[in-house]
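All remarks here apply to the structure that follows.
Whatever order the structure lists them in is the order used to number ligands and atoms, beginning at 1.
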Amino acid sequence: MFKGKVLLFSLLLVFATSAFAGDVDNCRSDWGVSCPTMRVCICPQGDFEFIRDGCKTGTDYIWVDVNDVSGGGISGVPWSDYWLQACDPAQELCLCANPVVADSLTNSAGRTTISGRIAGGGCIVTGGLYLAVQGKVIVTYPACTAVTCRIIIIVSVDLTADCKVNLSDLVVFGLSYNKNLGEPGYDTCCDYNDDDKCNLSDFAFMGEHYLHECF
Ligand SMILES: [Ca+2]
Ligand SMILES: [Ca+2]
């Protein structure tokens, strides 16, 4: 009798687990950044800075562990099933249809990395980013209530965050032109070579990406 109950309980457990196996669990999944001060320049055309250069090493990356409800890794998650956005809605990016692409399918442990470029516009200075897998925003285990925000600074030649680089962006850029960090009117979103100055070097990037938009 006792043995029978244990067996039934075990069967129920197996059933409960297998019913959800393979589905992404946004609380048991996790993500992070390989270095503490990542800063990436983006363009809607997806042709600006690589995430791998975000901390200037050439080997920087975002990692993602895609897990199911039991904490097991899900392998084979497609390259394009990821989405990044600002944790602070006031700094929302404009993102193209496939803004980021993973470096590979998730491996047998459910892990992949993202080290390519981001296709979009806008600027995130504070508050960090969240990451979604298959439309599910990753939240912090075990409470599953707080969004898992990681600090990544995003700057873009699309300063108005409408996924187009045009005259309205030049107007915003002009307001910060020839200003340095600490001076009134200086906007760090206009600094594309990471020297805390908004000057001709940055304007050159503006020219290089002028009239770019999402493919
Ligand atoms: Ca724009
Ligand atoms: Ca600069």
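Around OH of Y177, the count of heavy atoms belonging to other residues, nucleotides or ligands within 6.0 Å exceeds 12. The neighbour count for K136 NZ, taken as heavy atoms of other residues, nucleotides or ligands under 6.0 Å away, is above 12.
Backbone or side-chain N, O or S atoms of N193 reach the Ca ion (ligand 2) at under 3.0 Å. Distance check for D196 against the Ca ion (ligand 2): none of its N/O/S atoms falls below 3.0 Å.
Salt bridge present: D194 and R39 bring a charged side-chain N and a carboxylate O closer than 4.0 Å. Taking the charged nitrogens against the carboxylate oxygens, D65 and R111 do have a contact shorter than 4.0 Å, which makes a salt bridge.
Draw a line from the Ca ion (ligand 2) to OD1 of D195 and another to O of K197, and the angle between them is 90° (to 10°). Take the Ca ion (ligand 2) as the corner point: the lines to OD1 of D191 and to OD1 of D202 open at 90°, to the nearest 10 degrees.
A donor-acceptor contact shorter than 3.5 Å is absent between the side chain of W31 and the backbone of R150.
On the SG-SG cut-off of under 2.5 Å, C96 and C163 do not qualify. Cys pair C190 and C198 fails the test of SG atoms under 2.5 Å apart.
Of all the heavy atoms in I124 and Q91, the pair that sits closest is CA-OE1, 3.2 Å.
The set of protein atoms (N, O or S) found at less than 3.0 Å from the Ca ion (ligand 1) reads D158 OD1, T160 OG1, D162 OD1, K164 O, D169 OD1, D169 OD2, by chain and number.
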